[in-house]
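Each ligand, and each atom within it, is numbered from 1 in the order the structure gives.
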Amino acid sequence: MNAVQIDQLKQQFPLIETLQTYQETFWFTPHRYPLKEALEKVGLTAKDVSEAEARLARFAPYLAKVFPETQAQQGKIESDIVEIAHMQQALSSAKQVQLNGTFWLKKDSHLPISGSIKARGGIYEVLTHAEKLAMQAGLLKPEDDYSKLDQDSFRAFFSKYQIAVGSTGNLGLSIGIMSAKLGFRVTVHMSADARQWKKDKLRSLGVNVVEYASDYGVAVEEGRKAAEQDPHCFFIDDENSTTLFLGYAVAGIRLKQQFEQKQIKVDAEHPLFVYLPCGVGGGPGGVSFGLKLAFGEHVHCIFAEPTHSPCMLLGVHTGLHDQISVNDIGIDNVTAADGLAVGRASGFVGRAMQQLIDGYYTIHDERLYELIALLNQTENIQLEPSAIAGMMGPYYVQTSPDYLALHQFTAEQLQQANHVIWATGGGMVPPDEMQKYLSHFQYK
Ligand SMILES: *Cc1c(COP(=O)(O)O)cnc(C)c1O
């Protein structure tokens, strides 16, 4: 985009100026779209999501065998949800607003195998690919006990194939760990944001890690090009993959089950708000799709991005989606929230999900550090900076009269609301790194 186009865009969308100056801001979707039509626009269905869940169930015996940390849940990759009342109180005091409803933390930060939300989509896509190859070769049938995949003969079979992906770190970790375990050759193209320990960890598993001095977009592009050279190489396309998206979407069914067990109601009188950190959009987009299928119009999904990488807000707000990047408006895409350091949003997710996402806000890096320190202090839960971006969501909902009016929320409904802050990463961060994260913010 050239300077003239940007100026015109700014006239039309004054919010861009706020973004350009790295100020925290929020924007709620100004219309309420009928749910059924909005869901149809996604182009995927509840049936697709239940097939994804069934596929994960087929792999569960294998996962339980090769990843002992999944045994307690019989090979199911799922996280706990915990109430965080102390954090809610601490935030209320800090903001000098009594934040209503019940606060929950969905701990995808501590998902087994790779310790981030990417253990949903990333692992699911590798498993889907492996199943397809093995079935085409006549080595596997849906009714088999998939624990048989844990054999040298299967590893030898998969070693004929390669998997590649571009990542800021966590997707590479998920895909690298899962692919290497099955026996695939795997290459992870890492952007400059990726933490050293993630690269070290992958290399220790035999993963080929290619490092770039540039951001995520470049790592993905280079990965895509390298993969095209090799017909036996499968490129996992974080920007466009519906398979990844469906892996994430299974979270909707799972959260519904967890709420039923805890007897938590979600209906018109008990609205559910879910706050999701957003990078390229696949993770939060897929989870939101699953949530809308599971809870219908009673769930409200809000995305959170760093002030330095507000790609989804920019793309959806302007309607330009992946035709605009944060660099186009002079934003640097440099953030401590490495999992969210994405300058251009997924075109697929933005277009497919824009009528289903309720709002977006941005958050400063320093506030992320402050919030992880506060969560550690009040709840003894440790997250990486990206993972806590959703924590300010309830504040924006509660203090936005236009949004509350759009949905005609009553005081009583807000009292009875549940707020799920989706914590997306941190479980595998080495202790010394975590200590650095937690001590970054100094209380005065
Ligand atoms: C990848 C990631 C996200 C966001 O997922 P996207 O699919 O990139 O939007 C959020 N938090 C963490 C910790 C991540 O690694």
Would you say that F245 contacts F289 through its side chain, given a criterion of any heavy-atom pair below 4.5 Å between the two side chains? yes
Do S79 and D108 have side-chain N/O donor and acceptor atoms under 3.5 Å apart? yes
Do H308 and H364 have ring centroids that are under 6.0 Å from one another? no
Ring centroids only, cut at 6.0 angstrom: are H232 and F184 within range, meaning strictly under it? no
Indicate the ring-plane relationship of H407 and F409, choosing parallel, tilted or perpendicular according to the 30° and 60° boundaries. parallel
Any idea which residues sit under 4.0 Å from ligand 1, heavy-atom distances? K118, N170, P277, C278, G279, V280, G281, G282, G283, P284, G339, L340, E384, S386, T424, G425
Relative to each other, are the rings of Y369 and H440 parallel, tilted or perpendicular (30° and 60° limits)? parallel
